[in-house]
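Notes for the one structure printed next.
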Amino acid sequence: MEQNKPQQTQEKRGMWSSRFGFLMAAVGSAVGLGNLWKFPYLAGENGGGAFVLVYVVLVVILGFTLMLAELSIGRNTNSDAFGAYSKIKKGWGFVGGFGILAGFLILSYYSVVGGWVIKYIVASITGIGADKGAYFTNFITSPVEPIVYHLIFMGLTALIVIRGISGGIEKASKIVMPALFIMLAVIVLRSVTLEGASAGLKYYLTPNFDEITLKVIIAALGQVFFSLSLGMGCMVTYGSYLNKDSDIEKDALLIPSLDSLVAIMAGFAILPAVFAFGFEPSQGPGLMFVTLPAVFENMPLGMFFSVIFFVLVFFAAISSSISLMEVTVAFGIDRLRWSRTTSVMVFTAVMFVIGIGASLSMGAWSGFLIPWIDGNSYGIFDFLDVVTSYYLLPLGGLLSAIFIGFVWGVPNAVKEIRIGSKFRSEKIWSVLIKFVVPVLVFIILLSTTGLLDKIIG
Ligand code: TRP
């Protein structure tokens, strides 16, 4: 517990003002482009039902376990991700440090996609034309326009984070999350009742076991971390603004459940429509931007629904991007002793610049490739995505499980959790966090880097 610098008081760091506010902020962090944009296209690329099945199994094993792990570390230490780990055990701050780096890299390209969403709010009104695919490609490959939207998204994120915990992040999330849920339900209803939707439903709901390959498992694992905001100290940071009497066992059940519900619903909103309109399910990142405008065109008051929908996607994205930014900003405030405003401005500027590269890699810079340890080379956008989702986040999750199991010790974590919770799942959680989760994530990580191939032959 030794600290060389005095700890900031809790008032100065900020706190959630209510349980509902915290929950909405945490769900707001989890629910975002990961659910609405990434999940449907990953399912479309990885065998539909096969992906959904593996995803759900992994969420059940990892989601609750790691969510509770991160929240307990955060609430115990009231620190930023780096400080939290090093406060419990000197020398372990690097786990949080990795996370901060991951969050930094994620937000750099996340904000580019956030910009696309803003563009689609505008385009819903001005019109997208007949060829939805060409419209999307033209837009994201152009050199200037997407960067302007990226700047707008980044700037809005910064404005909210500058206002702090309860005044900014919590206030925004409380309004947005319930609205998103209702709107999504309306679009699901429209999509599943389209003529020809049943082929999509079948694709989405019937797992073909032959299609559960290593690639599908790796994709699903990365997506679990990404979608639940796990593996980079995001929930450590959000947990650090919690009161001691909060029941984090319940929160750790509720957040992954709601997040997965929204992801599954997004699949219902998009995949049936893909089949009904004869699009390719495996087209990748354009899926949401290409299919949904076609759905809206075919419904009464389509323009109205289209605007509302993209506005809500935008809110979901921004309630996630603020959590990504908060991790870095909290580090600036707690460790570097910067003011909140300085911290936000400095990190925003750097992330904006990296994001420019990510955006250009869709077009002008598409020939610039970065080699990676898996033997492939990636453009900047894909590089940021691959390195964070498939390597840094699982590694962060693995280290946080090892940290609790063997460094902090399960009994200490249990003591922390029990302060505000009956902790009925203590026995099973203890086994999961100490053995099951580390072994499972370790094996998948090894196979991701290609080492497993080499070891098994
Ligand atoms: N979970 C968010 C989404 O699905 C993205 C996100 C926010 C995130 N905070 C994170 C991903 C922390 C990984 C780690 O859009």
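Whatever order the structure lists ligands and atoms in, that order sets their numbers, starting from 1. Nothing here was measured: the structure is a model prediction, and the numbers come from that model.
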Who's the nearest protein heavy-atom neighbour of [atom], and how far?
{"atom": "atom 6 (C) of ligand 1", "answer": "Ser229 OG, 3.6 Å"}
{"atom": "atom 2 (C) of ligand 1", "answer": "Ser29 O, 3.2 Å"}
{"atom": "atom 4 (O) of ligand 1", "answer": "Ala30 O, 2.9 Å"}
{"atom": "atom 11 (C) of ligand 1", "answer": "Phe226 O, 3.0 Å"}

Option with minimal heavy-atom separation from atom 9 (N) of ligand 1, where the choices are Ser227, Ala316, Ser323: Ser323
Nearest heavy-atom neighbours spanning Ala179 and Leu312: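 Looking at all heavy atoms of both residues, the shortest contact is O-CD1, 3.6 Å.
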Parallel, tilted or perpendicular, as decided by the 30° and 60° cut-offs, for the rings of Phe289 and Phe136: parallel
Numbered atoms and elements of ligand 1 in range of Met232, under 4.0 angstrom, heavy atoms: 12 (C), 14 (C)
Lys132 and Thr291 side chains, donor-acceptor separation under 3.5 Å: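 Result is no, nothing qualifies.
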Phe314 and Trp116 aromatic centres sub-6.0 Å: no
Validation row, ring centre Phe310 to ring centre Tyr120 under 6.0 Å: yes
Ligand 1 contact on Thr388 by region, counting heavy-atom pairs under 4.0 Å: neither
Residue-ligand contact Tyr110/ligand 1, heavy atom below 4.0 Å: yes
Candidate pair Gln223 and Ser389, rule side chain to side chain donor-acceptor pair (under 3.5 Å), full reasoning: CA-CA 7 Å; Gln223 177 62 10; Ser389 302; over 6 Å; no
